[in-house]
Amino acid sequence: ELPFQKVRDTGKAVEDVRHAIVWPDGRTVCLSINASPLTDANGGFAGIVATIEDVTAAVESERALERQSRANRVLTRCNEALIRAADETSLLKEVCHIIVEDGGYRLAWIGYAEEDSSKIVKPVAQCGFEEGYLDTITVTWDETDTGRGPTGTAIRTGQPAFTRNILSDPAYAPWREQALKRGYASSLALPLTANSHTLGALNIYAAEPDAFDPEEERLLLQMAEDLAYGITTLRNREERTRTLAELKESREDWRRIFNSI
C-alpha cells in the first residue's frame, strides 16, 4: 500500500518508503517514496507533496552484497568444520547445518551417487525445512527424467546446476509438487568432486526464485570443493587407521603362533 494514506491520516511525513510495482513490460521495479503533508492557512490538510525515485539498481546491488556476504560466511564456517572434523558423517551434518543456519537457505542436503545400475542419488545428510521431502522423491544421475534435474546433472557433468525457478523449469517436473509444498523456489546443486571423480552433490534450496548470483555460486562451489577434499582426506585417514589395525592384529597372530611352537 502506498504511504499517502498514512500521511493524510497522521499529518506526518514519511521517508524512503520502499514499494515494488510491476511495469507493463513485466519488470519489477522498486520505488523509494518520500511524502509530506501540505496544510492550508488554517493548518488543515490541503494535500501531499511527494518525490518518487526508482531505486531498483541500488536494491539489487544491496541484495547481491548480502548474498556474497552470506556465502562468504558459510565458506568460512565450513572450512572451520573441516579442520575440526573427526569423521565423515558428522562433517556432512555440520556442513548442512551451517548452510541453513548461517547462510539462511531453506534446505541443504548431500547425496552420494550410487555406482550400480540404478544410479540412485542417496541422501546422507540434510538440514532445514525438509518435512519428509527426501523420502517422497527419487533422484538419479542417469539420463532419465529423474536424472535431468540439477542434482543428477551436477553429478554427471561435474559442474554446478541451477533450477532458477522451480515453478516454471520443465526439468524440475518430477519434484515440483513436493518442492512447492515446502516453499522451495530455486535450487543449486554443486558437485562433490575429488581426484577427478564425483562422489555426489551438495544441494541448496532458497525460498525465492533466481536466488544465486554468479559470485555467490563461485563461493559456494569453492566450499563444495573444500568439502569433497575433506571427505577424501577423512576416508584416507580411516583407511590408514584400519590398515594399521589389521597389520597390528596380523603381527599379534604371528606372535601367538611362534610362541605356541
Side-chain angles (χ1 to χ4, degrees), residues 78 81 85 87-100 105-206 212 217 220-221 223-236 238-239 242:
C78 285
D87 63 86
E88 183 175 336
T89 299
S90 61
L91 172 62
L92 301 182
K93 290 180 179 179
E94 178 67 11
V95 166
C96 288
H97 178 81
I98 290 169
I99 290 170
V100 171
Y105 301 98
R106 193 158 180 81
L107 171 69
W109 68 277
I110 295 170
Y112 282 165
E114 297 285 280
E115 299 283 356
D116 55 21
S117 59
S118 70
K119 292 194 173 181
I120 290 287
V121 180
K122 180 182 178 181
V124 291
Q126 61 88 14
C127 184
F129 191 81
E130 191 262 345
E131 295 294 300
Y133 178 67
L134 298 176
D135 294 329
T136 64
I137 64 171
T138 298
V139 181
T140 63
W141 56 286
D142 54 16
E143 292 286 358
T144 64
D145 288 346
T146 57
R148 295 194 185 103
T151 306
T153 301
I155 293 173
R156 272 198 322 279
T157 64
Q159 298 295 324
F162 287 97
T163 295
R164 297 189 180 277
N165 192 330
I166 287 174
L167 180 62
S168 59
D169 189 342
Y172 214 87
W175 316 282
R176 179 179 295 120
E177 180 181 358
Q178 296 299 328
L180 294 178
K181 284 181 180 179
R182 293 161 176 82
Y184 311 149
S186 58
S187 72
L188 170 63
L190 301 164
L192 297 174
T193 304
N195 300 323
S196 301
H197 176 67
T198 302
L199 307 170
L202 167 62
N203 302 276
I204 305 173
Y205 294 71
F212 306 93
E217 177 198 344
L220 292 173
L221 178 59
M223 178 202 64
E225 291 172 348
D226 293 344
L227 175 58
Y229 176 80
I231 292 169
T232 302
T233 300
L234 287 170
R235 289 182 178 182
N236 290 340
E238 183 179 348
E239 179 63 27
R242 184 165 50 248

Decide yes or no for [X] and [Y]: does some side-chain heavy atom of the first lie under 4.5 Å from some side-chain heavy atom of the second?
X	Y	result
Ser187	Asn203	no
Asp169	Arg164	no
His197	Leu199	yes
Phe162	Pro150	no
Leu202	Met223	yes
Thr232	Asn195	yes
Trp175	Thr136	no
Gln126	Lys93	no

Please give me the minimum heavy-atom distance between [X] and [Y], naming the atom from each residue.
X	Y	answer
Lys119	Asp142	CD-CB, 3.9 Å
Leu221	Pro191	CD1-CD, 4.4 Å
Pro160	Leu188	CB-CD1, 4.3 Å
Thr198	Gly158	OG1-CA, 4.1 Å
Ser168	Arg176	C-NH2, 3.9 Å

Hey, is Lys181 close enough to Glu131 for a salt bridge, meaning N to O under 4.0 Å?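 No salt bridge links Lys181 with Glu131.
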Does NZ or CZ of Arg235 come closer than 6.0 Å to the centre of the six-membered ring of Tyr112, within 45° of the ring's axis?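 Here Arg235 passes the 6.0 Å and 45° test against Tyr112.
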Is there a donor-acceptor pair closer than 3.5 Å between any side-chain N or O of [X] and the backbone N or O of [Y]?
X	Y	result
Arg148	Thr153	no
Thr140	Thr146	yes
Arg106	Arg182	yes
Thr163	Asn165	no

How many angstroms lie between atom [atom1] of [X] and atom [atom2] of [Y], to the nearest 0.5 angstrom?
X	Y	atom1	atom2	result
Ile99	Ile110	CD1	CD1	6.5 Å
Leu107	Glu130	CG	CD	6.5 Å
Thr151	Trp141	OG1	CH2	13.5 Å

Using 30° and 60° as the class limits, which term best fits the ring planes of Tyr184 and Tyr205: parallel, tilted or perpendicular?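 Ring orientation, 0 to 90° scale: tilted.
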Ser90 and Asp87: side-chain donor and acceptor closer than 3.5 Å?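 Indeed, the side chains of Ser90 and Asp87 share at least one donor-acceptor pair under 3.5 Å.
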Can you establish whether the number of heavy atoms outside Glu114 located under 6.0 Å from its atom CD is more than 12?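 It does: Glu114 CD has more than 12 such atoms within range.
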